[in-house]
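Here is how names work: the chains are called A, B, and so on, in the same order as the sequence lines, proteins then strands, and each is numbered from 1. Only a predicted model underlies this, so the values are computations on that prediction, with no experimental measurement involved.
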Amino acid sequence: MSEAVNLKARAKAYKENTKDIKKRIIVCAGTGCIAGGALKVIDKFEEVIKARGLSVAMTINKHEDGYQVSGSGCQGFCQMGPVVTIHPDKIMYCKVTPADVEEILEESVLKDNIIDRLVYTQKTTGKSYPKKEEMPFFKNQTHLVLKKVGDIDPTDINEYIALGGYAQAEKAAKMRPEEICSLMMDSGLKGRGGAGFPTGRKWDFARMSKGDKKYIICNGDEGDPGAFMDSAVMEGNPHSIIEGMMIAAMAIGADEGYVYVRAEYPLAVKRIRAAVKAAQEAGILGDSMFGSDKAFDITVMEGAGAFVCGEETALIASVEGKRGMPSPKPPFPSDRGLFGKPTVINNVETLSTIPVIFEMGTDEYKKIGTAAAAGTKNFSLTGHVANTGLIEVPFGETLRTIVYNIAGGVTEENGELSPDGFKAVQIGGPSGGCLTQEHLDMPLDYEHLKAIGAMVGSGGMVVMNQKTCIVEIARYFMEFTQNESCGKCVVCREGTKQMLDILTDITQGRATMEQLDLLEELAGVVQKASLCGLGKSAPNPVLSTLKYFRDEYVEHIEGKRCPTGQCAALRSYSIDASKCIGCGACARKCPADAISGEKKKPHVIDAGKCIKCGACKEACKFGAVLR
Amino acid sequence: MQNILAFEKAGQIIEKYEYNQAKLIPILQEIQDEYRYLPEELMVYVATMLGTTSSHVYGVASFYSHFTLKLKGKYVVKICDGTACHVKKSMHLLDAVRKHLKLTEGQNTTPDLLFTVETVACLGTCGRAPAMTVNGEVFGLLTDETAVAVIKDIQEKEQANHE
Amino acid sequence: MKTNQTVTIDNKQVPIEGERNLLELIRKAGVEIPTFCYHSEMSIYGACRLCMVDVEGMGMVASCSTVPKAGMVVKTSTPEIRETRKMILELLLASHQGDCQTCRKGDDCKLLALANRLGVRDVRFKKKGRNLPLDLSSPSIARDPNKCILCGDCVRMCSEIQGVGAIGFAHRGAQSIVTPCFERDIATVECIDCGQCTKVCPTGALTIKSDTTEVFKAIHSKDKYVVAAIAPAVRVAIGEEFGLESGANAVGKTIATLRMMGFDAVYDVSYSADLTIMEEGTELLGRVTSGENIPMFTSCCPGWVKFMEQYYSDFANNLSTCKSPQQMLGALVKETLPDIVKKDRKDIVFVSVMPCTAKKFEAKREEFKVADSPDVDYVITTHELALLIRERGIMFNEMEPEAFDMPYGFNTGGGVIFGNSGGVSEAAIRFAGEKLTGKKTEDYIIREVRGEDGIREVEYDFSGTKLKMAVVSGLANARKVMEGIKDGSRTYDFVEMMACPGGCINGGGQPVSIDRLARKKRTEGLYRTDKMLQLHKPQENPYIKDLYDSLLGVPNSNKAHELLHTHYHARSRIKSDRIDKPAETDKLPISICFGTGCFIRGSQKLLSQLTGFISSNNLEDRVSLGATFCFEQCDRGPVVRIGEDIITHCTRVKAVEALTEKLHL
């Protein structure tokens, strides 16, 4: 039985221990940068600093005088990783390798010089930005949730405490549950997982439900392909999630919590497990929250590979050891959830925002964002843009700012900037819709997006250039959804299967216009009659792309042609006689014997035999094969 | 007959979770971590120990992609087909790797049980797409050649170990 | 009861009177909402999406999971709802193997009926059926996964109501199937053959295994003497197949029809039900006196018997050793008829007509044969009988009633009420009462054991001797009671166990009625029949008395035991092919059973003890130690096989002894 934790004492001790640190080298150790070799960079820093006879601290548990090297969560600038930021000036270096470490130490740590070749240079202007805060990528963002994610050492609970961590939970422990719920409702915070339900209201329902036992569940089953916002928070600032859960527990009267993390995020699992352990050892989690009579403890559970478990009733079934199949609502989880008890399920980002709101105060918080959507939203920005990565912007921000100012503009396949390359942005993953040129200046928030048939979703944002076949994108998302459908309700199980079938026919040039009508009709039924959110939102990409790119669909069906040339089955290959020298290389490669011609004379492709594999184009050294 | 120790270890895992039926998924996860797949006998054993039916356990094991009822290769290669990776041609990587390992249609594991090749919905490395993992180790910003090179490296290492 | 709270349904004001959901309220309003997955006794599943209705302000919602609130305005048909329902049917038909003309389900198919009812004229989707193998392994149930629409009714029935869970969902999404574990054949897993799944299955995915062809062969064969025996519960339900009211006793017509079809004799299973009471009642009194093997469980329900053998084999000695009425009659007929009709035993064919599918399994049990000749050759269900009659074209309703053949056609009321849950108990009390009190009475109706609850407890006082009884139906209830008996929280002298909720009148072989009161009406029908008979107590049956005088002697005599009693054995739940001969090696094979029965008796401890013994004596290369599942001797565990020998109640000492001997240590 540990005594009530003394946050102030810990914070003070940490500040004492770190007051003599000259410079801190923060290497991004999110999953992305680790894949790029970030851990090797960290090791190299430790090695080199020690070799210089300087004192280096990797972890802080006593007074350090020298240099601190630590790994942080995702710093957001993923395309340029591994990223290293040197504090206190916040100089950011990109694409750092172990070979760069000696120079960085020599120039930027021991001295105050900047290494130009490692600094970010913007392609459009050629301008360099050594300081993180001046970079267009970061300048246009508003970091509330991500503020600590790219800075702190997620494995050090004391750093979190020193920066004010857990102080909000301590404050909340002295409030009454109604007060906490009231505060949350006042803040206007809406669930960040996709549904956008007012968090305060959800807590209040659960608070009022009768039950001898209540639960808080953190939904870390971020399964949207192309989304990694929650992963970054779980990896980079796990304690904020724990703190959010504690406050939620106090609000509704829960004494037990679960964090459900998908198994495909091993680093997130590791970090959050370690954070829970650290919080237990510090006496923050356990029999008494900050000396109150309220107990709260957390169990971390790994998912087992089912996207549908992101749906709350399916998640509950999974925690109960069952197949992850959703149940009809009502009853709602706040009424009858886990093991039949009142349960609140909140998304990672939502929970991480709660300590921020308590600290800022609801008035300040509401100043950010729009009237109907307060605060910020994390987006994982990917696709054909110059700078992919993790961003946080206030609600109401426009797509134009995000794509051009933050992400640096649309690119071609080869990474070259393409000024007119913007085609569309898929927002919300497989449950979302697309935004086009006409929406570039639309404020992004729940209402505006809903009005045009899209949704904020969990935060996945994929930018697509003109060479992307939008029909193939719709088909791709349908394939994903179909694969992940749990199979319980007829509508989603059979409906997505048949929709995928039609979409595949379209991309293979076999479809008819009747099938297009049927696709639309079926999409409408699936949207309205499915049992759960997965089914209900499965048709969104199809309906959205049909709305804005109908002609592309029609071209595939009636013209039997893919305008972007992406759909393999609709490509046609021909030989440009003016370039062909008759070497016969293509004919030899052709697996279907579709190319004929005499030596040294232009060859010809028989369209009837051609299987459109593209081998001839690859073989031709003269660029004579056209597609 | 199953190795006698298989049941002991499984028994320990079940005991650790206090024979709690709700913990079926973590129990199966730990058993799979230990044996790399879920043998039928062990699933029946777990059902008996937890006081539930074999159909229930089979239903759970077959629902989640993570669980495998067949033995996998020593190296499990997961190629990410999340949106960001897909848009950056992750499926080409898949074809290249499969071709290199001479896997036929429907075959995911090499006959010598060295490699299993799968696709996974999203690894969360979207900023460094296209990506793949081999036994958990992440490789990003791949091309057909570099992806196959990773496989080749492992093959050479394994060859060296045998000599 | 809130009577001034109303919901408007299709412009009609309907009061809310405790209905759980809108669907029930809408039914009360007189509209039959289409649904596949809604059954009032089972949990709400919400998968078929057909029951959607329009609620003002809420849009389209599923009525099965929407709580009625005063003031709601509901429309059960709108253009959107019509389109949705049709599309759902189209989707189902697209992935359904549609060979309706030759399908086992025939006219009873709900999918076909609904497609017709909703006017579906076109399936615009590509056919995407799967080609899964049929499973005809079970004697009672035929599985065709290609017809399954994944409504989940069978899964919930087997798991929630019957507490068995032999089938469940597997895989995910469009790959989902309903299957026994590991996709094995159903006969190799825990299924107890009750057939309740076939009654809730809306399509031909689960149907009763038909024996009608064999029966026809027998009837048409000149040298066979074919006997039909009709069970009590059949008579109050067979009429439903021909438009008669539930509960009407149509036995007279049935007998006439069977004779016309070519059966040489028609007997009454109620007769052998009386006989069963004589034997079982005497057995019970004996046990009550000696105090041994109490509580006594009834053994006439083969589903219950298999259930007990699989899950509670420790209590095998508590089961009555009496055969069921079906098997008693079969044994009796095959024993006595050859002399009477001058035919060899092998030329006598016994066909029982049962409300029950598990009886098909029972008839095939090894114990019920005499040198390869079964006592009961074929079992057909009530529903199959109707199919036989229809195939023959006999106009059931126009038949003049006829009577059973003697001597096996006379029964008392005690025998006929066997079909109800509580019937066996009531008949037993009618018998035991007089024996215990020594007095004859005119009373025979024992209301305390009647009722609709799945578990009913009765304490009956026979002038000082108290008998505590439980009447149980539905196996989930049986499990509850067994657990209570195990942990001591429940004590009884006698427990009647019926697998099917409500008893045999609701058996797996009974017609599926749209009348929701059918079960109740059938129950009442049997009690009415009882009332109309002259005799009500089995011991008063003169033909039974004759039987004892001429053949059996007294109840529980040796002859009675030979013909009318049996024994049971533990069953493994999942048939494993691993219980085979150990591989031929020069190492001595040791197998320790890790099935539950042995496990709770200490097989794991034994394992570590033996492992220790083996290593401390350096025997690793002389023995091979393995684990296995179930030698089916669960009550004598832990069971260990060393070489060819099976050691029960194995301890470290016994095992070491055996090892020492075999290895010449």
Side-chain angles (χ1 to χ4, degrees), chain A residues 30-36 74 76-79 81 222-228 230-232 263-268 301-307 309 318-325 339 380-384 388-390 413 426 429-430 460 462 464 468 473 476-477 480 483-484 486-487, chain B residues 17 20-30 32-33 38 46 50 52 55-68 78 80-92 118-133 135-142:
Chain A
T31 304
C33 285
I34 289 181
C74 181
F77 208 34
C78 307
Q79 189 116 359
E222 179 179 60
D224 276 13
F228 61 104
D230 292 350
S231 163
E264 292 87 333
Y265 281 171
L267 186 55
M301 176 173 168
E302 275 180 65
F307 172 74
C309 286
S318 191
V319 177
E320 290 177 349
K322 304 180 184 147
R323 290 161 64 85
M325 308 210 291
F339 303 120
S380 70
L381 189 52
T382 60
H384 299 130
T388 60
L390 179 65
E413 298 263 301
Q426 171 72 14
V462 187
M464 296 176 278
T468 315
I473 293 290
Y476 163 76
F477 278 128
F480 173 81
N483 200 31
E484 296 292 336
C486 77
Chain B
Y17 285 98
N20 185 352
Q21 244 181 64
K23 301 290 181 190
L24 177 60
I25 292 171
I27 288 172
L28 289 176
Q29 281 168 331
E30 281 196 35
Q32 184 167 281
D33 282 341
L38 292 174
V46 169
L50 293 181
T52 179
S55 325
H56 175 71
V57 175
Y58 182 65
V60 168
S62 58
F63 181 85
Y64 295 98
S65 323
H66 210 227
F67 292 128
T68 176
K78 294 192 187 179
C80 182
D81 196 31
T83 323
C85 292
H86 186 88
V87 141
K88 300 232 166 130
K89 307 282 185 296
S90 55
M91 291 298 94
H92 280 207
E118 303 174 334
T119 53
V120 69
C122 182
L123 289 170
T125 327
C126 315
R128 298 184 64 81
M132 78 180 189
T133 61
N135 283 359
E137 192 183 340
V138 186
F139 299 88
L141 291 172
L142 291 168

Query - Non-hydrogen atoms of Val138(B) and Ala35(A) that approach each other most closely - result: CG1-CB, 3.4 Å
Report task. For chain A, find which of Gly136(B), Ala61(B), Ser65(B) contributes the most heavy-atom pairs closer than 4.5 angstrom. Result -> Ser65(B)
**Report entry** Set of ring-ring contact (aromatic ring centres under 6.0 Å, His included) partners for Tyr58(B), sequence neighbours left out
**Finding:** Phe182(C)
Query - Per-residue contact mode, Val462(A) against chain B (heavy atom under 4.5 angstrom) - result: side chain
Requested in this report: Hey, could you give me the OG/CZ distance between Ser318(A) and Phe63(B), rounded to the nearest 0.5 Å?
Outcome: 8.0 Å
Report task. Please look at Ile473(A) and chain B and tell me whether the side chain, the backbone, both or neither of the residue comes under 4.5 angstrom of a heavy atom of that chain. Result -> side chain
Query raised in the report: Pick from Ala263(A), Ser380(A), Gly324(A), Gly383(A): which one has the most heavy-atom pairs with chain B under 4.5 Å?
Result: Gly324(A)
Query - Derivation of the side chain to side chain contact (heavy atoms under 4.5 Å, CB included) call for Arg323(A) and His56(B) - result: CA-CA 9 Å; Arg323(A) 290 161 64 85; His56(B) 175 71; over 6 Å; no
Requested in this report: Please flag which part of Cys309(A) lies under 4.5 Å from any non-hydrogen atom of chain B: side chain, backbone, both or neither.
Outcome: side chain
Report task. Considering only heavy atoms and a distance below 4.5 Å, find which of Ala306(A), Gly305(A), Gly460(A), Ala304(A) pairs most often with chain B. Result -> Ala304(A)
Requested in this report: Check each atom of Val120(B) against the heavy atoms of chain A and say whether the ones under 4.5 Å are side chain, backbone, both or neither.
Outcome: side chain
Query raised in the report: Who wins among Lys322(A), Gln426(A), His384(A), Met301(A) for the most heavy-atom pairs under 4.5 Å with chain B?
Result: Lys322(A)
Query raised in the report: Where does Gln21(B) contact chain A at under 4.5 Å (heavy atoms): side chain, backbone, both or neither?
Result: backbone
Report task. Please state whether the side chain, the backbone, both or neither of Asp230(A) comes within less than 4.5 Å of a heavy atom of chain B. Result -> neither
**Report entry** Phe339(A) portion near chain B, given a 4.5 angstrom heavy-atom threshold
**Finding:** side chain
**Report entry** Contact origin within Asp81(B) toward chain A - heavy atom pairs under 4.5 Å
**Finding:** both
Query raised in the report: Roughly how far, to the nearest 0.5 Å, is the CG atom of Leu141(B) from the CD atom of Gln79(A)?
Result: 7.0 Å
Requested in this report: Using non-hydrogen atoms and a 4.5 Å limit, figure out which bit of Glu222(A) sits close to chain B: side chain, backbone, both or neither.
Outcome: neither
Requested in this report: Check whether Phe77(A) gets within reach of chain B through its side chain, its backbone, both or neither, counting any heavy atom under 4.5 Å.
Outcome: neither
